[in-house]
Amino acid sequence: MLQLPLIREHQNEIIGSLKKRNIEAAPLVEKVLQLDEERRALQTKLDATLAESNKLSKEIGNLFKSGKAQEATVLKEKTGTLKEESKLLGDDLNTVVKALQDLLYQIPNIPHSSVPAGSTDADNEEVFREGDIPDLIAGALPHWELAKKYDIIDFELGVKISGAGFPVYKGKGARLQRALIAYFLDKNAAAGYTEMQVPHLVNEASGYATGQLPDKEGQMYHVGEDDLYLIPTAEVPVTNLLRGEIVDQKEFPICYTAYTPCFRREAGSYGAHVRGLNRLHQFDKVEIVRAEHPNNSYQALDGMVEHIKDILRELKLPFRVLRLCGGDLGFTAALTFDFEVFSTAQDRWLEISSVSNFETYQANRLKLRFKDEQGKSQLAHTLNGSSLALPRVLAGLLENYQTEDGIEIPEVLRSYCGFDRID
RNA sequence: GGAGGAAUGGCAGAGUGGUCGAAUGCACUAGUCUUGAAAACUAGCGAGGGUCACACCUCCGGGGGUUCGAAUCCCUCUUCCUCCGCCA
């Protein structure tokens with residue numbers, strides 16, 4: 001959520017920046033400012049009424065104490081009208097505040113100045129590429145066929161138990177999955193991220209604070225009976241660890257990592273692009289989350305990008321990094337880098353990580369603040385990134401490491417797996 | 001699931017209808033003293049709105065109510081604790 005004072009002072013810049021998202025924000029912003037003005041006017045009126053009524057109440061108390069019940073009774077009548085007035089004003093104020101809130105929820109974050117204009121993923125800007133695309137054997141298979149051939153992932157079995165999009169990992173497939181989780185967590189811990197284990201179901205307040213609600217209500221599984229949401233990413237519970245906190249700025253950077261399953265309803269879209277592991281209702285992911293001083297957040301973002309590059313180098317997967325264009329940028333992000341691994345057998349790039357700086361947008365909803373040198377509260381910056389999403393890493397590994405008679409395991413993973421090939 | 005108790009500032013903890021945004025202690029910050037530190041002493045020290053700055057307003061787990069007036073009384077929800085039951 002954008003901060004109101006910022007909108008007040010930089011109305012035109014904000015409208016200009018949001019054009020990069022292909023959003024015509026002028027009417028929205030105007031309405032916000034209008035409501036904000038109404039809000040302040042009502043608040044001032046209400047405050048004055050309450051002040052008057054407070055004053056009278058004190059007088060009445062004093063009159064009673066000095067035995068002047070008669071005079072007190074006269075004053076009492078006056079407070080009656082004030083009370084009615086303040087009730088009405090309070091109701092009006094609530095209505096305006098609610099409307100204002102709803103509007104603010106509809107305004108996405110302001111894109112960083114480096115975000116390229118554009119409307120689709122075709123307009124994303126490639127900023128880095130590394131790793132050789134392997135020459136695969138003749139008749140190289142996509143991962144869903146490899147999974148079947150070596151009996152390591154069973155999609156049909158998952159359909160029986162739950163439905164499409166819930167794969168069952170078997171034998172070496174399951175072990176490789178566990179190895180990847182352990183490896184990612186170890187890498188993140190070595191880079192200074194504190195490992196956390198967090199709930200996989202969250203309440204509504206958490207969903208609002210990180211921005212999944214009300215924007216992406218339909219993407220999350222909702223447990224109606226208990227009014228809880230299955231997490232679509234560890235970002236939600238992990239970032240919410242800091243909700244409502246006022247931290248000492250000496251504590252920055254605050255760095256967390258967590259492995260969780262992720263649950264996504266992901267309505268629609270069938271065909272080759274969602275085959276196999278490409279798109280699932282449940283998948284595993286290791287996430288990194290940071291809270292930073294505003295002065296450091298972009299440096300931190302670069303650090304996170306380098307960290308993920310390092311992991312992909314160790315896995316020896318060919319990858320590229322994209323700077324997302326305005327049209328592809330998530331609602332809450334100011335700047336996002338996507339990582340994509342080249343899946344040779346599918347002949348396409350697969351998104352395996354998304355690293356973003358949210359600046360104060362999430363922090364404003366979270367109410368995550370710190371005390372600056374003047375002792376004033378200021379919103380922190382939050383960032384997060386996948387390091388990494390398992391299914392597509394697995395897809396890339398299976399497809400790029402296949403040989404005639406088996407799948408090689410990358411060297412860094414062998415000690416985690418306890419085997420060096422799947423055959 | 002049943003019975004009882006509780007929720008107050010970073011922490012501990014007083015406050016049971018008015019002068020309470022809230023005693024006191026600890027922690028923290030600044031200063032004095034000291035070669036330096038500790039101790040001692042002095043001062044400051046919750047959050048939000050509002051204002052050029054004051055004033056002023058709101059917040060004692062959340063919501064609602066009673067009252068001229070609520071941290072304090074009532075209703076309700078949530079959470080925690082104790083005991084019983086069940087249980088990985």
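Sequence lines set the chain letters: A, B, ... in the order given, protein chains first and strands last, and positions in each chain run from 1.
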* Asked: Step by step, would you call A/D151 with A/K170 a salt bridge (Lys or Arg N to Asp or Glu O under 4.0 Å)?
  -> CA-CA 7 Å; A/D151 195 27; A/K170 300 161 86 173; 2.9 Å; yes

Polar atom pairs (N or O), protein with nucleotides 63-68 of chain B, under 3.5 Å:
| unit_1 | atom_1 | unit_2 | atom_2 | d |
| --- | --- | --- | --- | --- |
| B/C68 | O4' | A/T79 | OG1 | 3.4 |
| B/C68 | O2' | A/S57 | OG | 3.1 |
| B/C68 | O2' | A/T79 | OG1 | 3.3 |

Which pairs, protein N/O on one side and nucleotides 70-75 of chain B N/O on the other, fall under 3.5 Å?
none

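The CG-P distance, from A/L46 to B/G48, rounds to 20 Å in whole Å. Note: CG (A/L50) to C1' (B/G49) measures 13 Å, nearest angstrom.
Between A/T44 and B/C57, a side-chain N or O to OP1/OP2 separation shorter than 4.0 Å is absent. Contact annotation: A/N54 side-chain N/O to B/C57 OP1/OP2 distance is under 4.0 Å.
Judged by distance alone, the side chains of A/Y193 and A/R290 do bring a donor and an acceptor atom under 3.5 Å apart. Side-chain contact annotation: A/E287 with A/Y259, donor-acceptor N/O pair under 3.5 Å absent.
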With a 3.5 Å cut-off and sequence neighbours excluded, list the donor-acceptor pairs that the side chains of residues 204-212 of chain A form with protein atoms.
| unit_1 | atom_1 | unit_2 | atom_2 | d |
| --- | --- | --- | --- | --- |
| A/S206 | OG | A/N203 | OD1 | 3.0 |
| A/S206 | OG | A/R243 | NH2 | 2.9 |
| A/T210 | OG1 | A/S206 | O | 3.1 |
| A/T210 | OG1 | A/Q212 | OE1 | 2.7 |

Atom pairs and distances, side-chain donor-acceptor, residues 83-97 of chain A, under 3.5 Å, sequence neighbours left out:
| unit_1 | atom_1 | unit_2 | atom_2 | d |
| --- | --- | --- | --- | --- |
| A/S86 | OG | A/L82 | O | 3.2 |
| A/S86 | OG | A/K83 | O | 2.9 |
| A/T95 | OG1 | A/D91 | O | 2.8 |

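For A/Y256, there are no ring pair (Phe, Tyr, Trp, His ring centres under 6.0 Å) partners two or more places apart in sequence or in a different chain.
For B/G18, the base has no donor-acceptor partner in the side chain of A/N62 [N/O atoms by modelled type, under 3.5 angstrom].
Comparing A/S377 and A/K250 along RNA chain B, the residue whose closest nucleotide (by nearest heavy atom) sits nearer the 5' end is A/K250.
With B/A47, B/U58, B/G50 as the choices, the nucleotide that has an atom nearest any side-chain atom of A/I246 turns out to be B/A47. Of the listed nucleotides (B/U58, B/G49, B/A47), B/A47 has the atom at the smallest distance from the side chain of A/R369.
Pairs passing the ring-ring contact (aromatic ring centres under 6.0 Å, His included) check and including a residue from residues 363-391 of chain A, sequence neighbours excluded, read A/F252-A/F370, A/H293-A/F370.
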